[in-house]
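Both counts, for ligands and for their atoms, begin at 1 and track the order of listing.
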Amino acid sequence: GNNHLNAKLVLLGDMGTGKSSLVLRFVKGQFLEFQESTIRAAFFSQTLAVSDATVKLEIWDTAGQERYHSLAPMYYRGAAAAIIVYDITSTESFERAKKWVLELQKQGNPNMVTALAGNKVDLQDKRKVTTEEARSYADENGLFFMETSAKTTVNVNDIFVEIARRLPRA
Ligand code: GDP
Ligand code: MG
């Protein structure tokens with residue numbers, strides 16, 4: 001039937017928050033304690049079956065945008081979905097995530113499905129950003145929110161599946 005969808009998904013967020021690790025966990029089921037920092041954007045594709053459709057996610061794991069912000073629009077242009085990642089042990093990364101949200105609201109595709117991921121939820125004893133503050137921020141800004149761990153796998157599949165579910169159907 002006509003229930004196949006291709007969608008570009010981009011990961012944005014501060015360096016070191018775990019963008020590459022989330023993608024690696026999702027696509028390959030792996031985790032590296034010392035993930036090499038991405039030199040350039042890496043591209044992965046993964047097909048998911050959700051209730052009413054098959055969704056092929058074309059995932060762009062960005063790098064360089066953290067330092068060279070001017071590169072960013074090239075990544076999110078044409079994206080149907082974005083995951084904005086912060087690290088729950090870093091308030092700075094949460095503030096940075098909010099800047100990404102603002103930028104996408106101004107410049108991104110208005111129908112973009114946007115998720116906020118509070119990654120490294122396994123590091124509870126180092127937590128600086130509470131679940132409550134992140135959730136209320138996400139609610140106010142029309143994002144869906146999950147706390148994830150690329151290390152322990154918590155919510156990694158779920159966040160990608162939820163994106164696939166929320167993508168507008170043709
Ligand atoms: P990126 O710069 O956003 O792509 O971040 P990376 O994926 O390169 O991860 C940065 C560091 O954080 C690496 O040492 C990862 O092993 C570590 N890391 C990533 N995700 C997690 C997680 O969920 N929990 C923990 N404890 N460490 C993580
Ligand atoms: Mg990376």
Side-chain angles (χ1 to χ4, degrees), residues 7-46 48 57-104 107-108 112-135 137-138 141 143-164:
K8 176 179 173 187
L9 182 159
V10 66
L11 283 100
L12 298 168
D14 231 350
M15 202 181 302
T17 52
K19 299 179 299 295
S20 298
S21 299
L22 287 167
V23 175
L24 184 69
R25 172 62 81 191
F26 176 59
V27 174
K28 297 191 177 154
Q30 295 172 359
F31 178 75
L32 302 172
E33 237 8 281
F34 302 98
Q35 171 69 32
E36 264 180 70
S37 35
T38 325
I39 297 160
R40 52 189 184 278
F43 172 81
F44 301 86
S45 95
Q46 183 82 334
L48 293 179
L57 293 177
E58 294 154 358
I59 304 169
W60 289 87
D61 173 24
T62 66
Q65 43 89 7
E66 302 108 329
R67 258 181 283 188
Y68 307 105
H69 194 90
S70 55
L71 289 176
M74 166 175 108
Y75 293 124
Y76 61 70
R77 195 173 297 133
I83 302 179
I84 298 171
V85 184
Y86 69 94
D87 168 352
I88 69 150
T89 73
S90 161
T91 47
E92 203 187 359
S93 74
F94 185 55
E95 293 311 312
R96 192 75 195 81
K98 292 180 182 175
K99 297 216 170 97
W100 280 117
V101 172
L102 276 174
E103 178 161 347
L104 290 185
Q107 320 269 353
M112 195 182 288
V113 175
T114 309
L116 180 66
N119 192 41
K120 309 198 187 181
V121 73
D122 57 290
L123 301 177
Q124 282 299 341
D125 52 335
K126 293 185 182 155
R127 179 193 283 276
K128 298 274 167 44
V129 182
T130 66
T131 306
E132 295 69 33
E133 75 174 304
R135 174 162 293 129
Y137 173 79
N141 287 277
L143 317 168
F144 78 89
F145 169 64
M146 285 187 186
E147 289 188 333
T148 59
S149 171
K151 183 168 184 173
T152 64
T153 79
V154 170
N155 280 339
V156 176
N157 272 298
D158 300 57
I159 199 164
F160 287 95
V161 169
E162 189 56 31
I163 283 173

Give a yes/no answer: is there an N/O/S atom of S20 under 2.8 Å from the Mg ion (ligand 2)? yes
Ligand 1 N/O within reach of L123 N/O, cut-off under 3.5 Å: no
Which is closest to atom 15 (C) of ligand 1 by heavy-atom distance: G13, S20, S149, S21? S21
Checking the N or O distance criterion of under 3.5 Å, is ligand 1 in contact with N119? yes
Tell me if a side-chain donor or acceptor on T17 pairs with a main-chain N or O of D87 at a distance below 3.5 Å. no
Consider ring pair (Phe, Tyr, Trp, His ring centres under 6.0 Å). Of F43, Y76, Y75, which one does W60 pass it with? F43
Atoms of ligand 1, numbered as shown, that sit under 4.0 Å from any heavy atom of K19: 1 (P), 2 (O), 3 (O), 4 (O), 5 (O), 7 (O)
Can F31 and T153 be said to form a side-chain contact (heavy atoms from CB on, under 4.5 Å), step by step? CA-CA 9 Å; F31 178 75; T153 79; over 6 Å; no
Can you establish whether the number of heavy atoms outside Q107 located under 6.0 Å from its atom CD is more than 12? yes
E33: numbered ligand 1 atoms lying under 4.0 Å from its heavy atoms: 13 (C), 14 (O), 15 (C), 16 (O)
Hey, is ligand 1 close enough to M15 that some N/O pair sits below 3.5 Å? no
Is any NZ, NE, NH1 or NH2 atom of the basic residue among E132 and R135 found under 4.0 Å from an Asp or Glu carboxylate oxygen of the other? no
Exercise: identify the closest heavy-atom pair between R25 and V156: CG-CG1, 3.8 Å
Find all atoms of ligand 1 within a distance of less than 4.0 Å from any non-hydrogen atom belonging to F31, and give their numbers and elements. 16 (O), 18 (N), 19 (C), 20 (N), 21 (C), 27 (N), 28 (C)
Which pair of heavy atoms, one from N119 and one from V85, lies closest together, and at what distance? CB-CG1, 3.9 Å
In Å, rounded to the nearest 0.5 Å, how long is the span from OH of Y137 to CG of L116? 7.5 Å
Do ligand 1 and G18 have nitrogen or oxygen atoms that lie under 3.5 Å from each other? yes
Pull out every atom of ligand 1 sitting under 4.0 Å from any heavy atom of L32, numbered as shown with elements. 15 (C), 16 (O)
Does even one non-hydrogen atom of D14 get within less than 4.0 Å of ligand 1? yes
Can you check side-chain contact (heavy atoms from CB on, under 4.5 Å) on L143 and I84, steps first, answer last? CA-CA 10 Å; L143 317 168; I84 298 171; 5.6 Å; no
Give the atom numbers and elements of ligand 1 that come within less than 4.0 Å of a heavy atom of A150. 20 (N), 22 (C), 23 (O)
Taking atom 25 (C) of ligand 1 as the point of reference, which of D122, L11, V121 owns the nearest heavy atom? D122
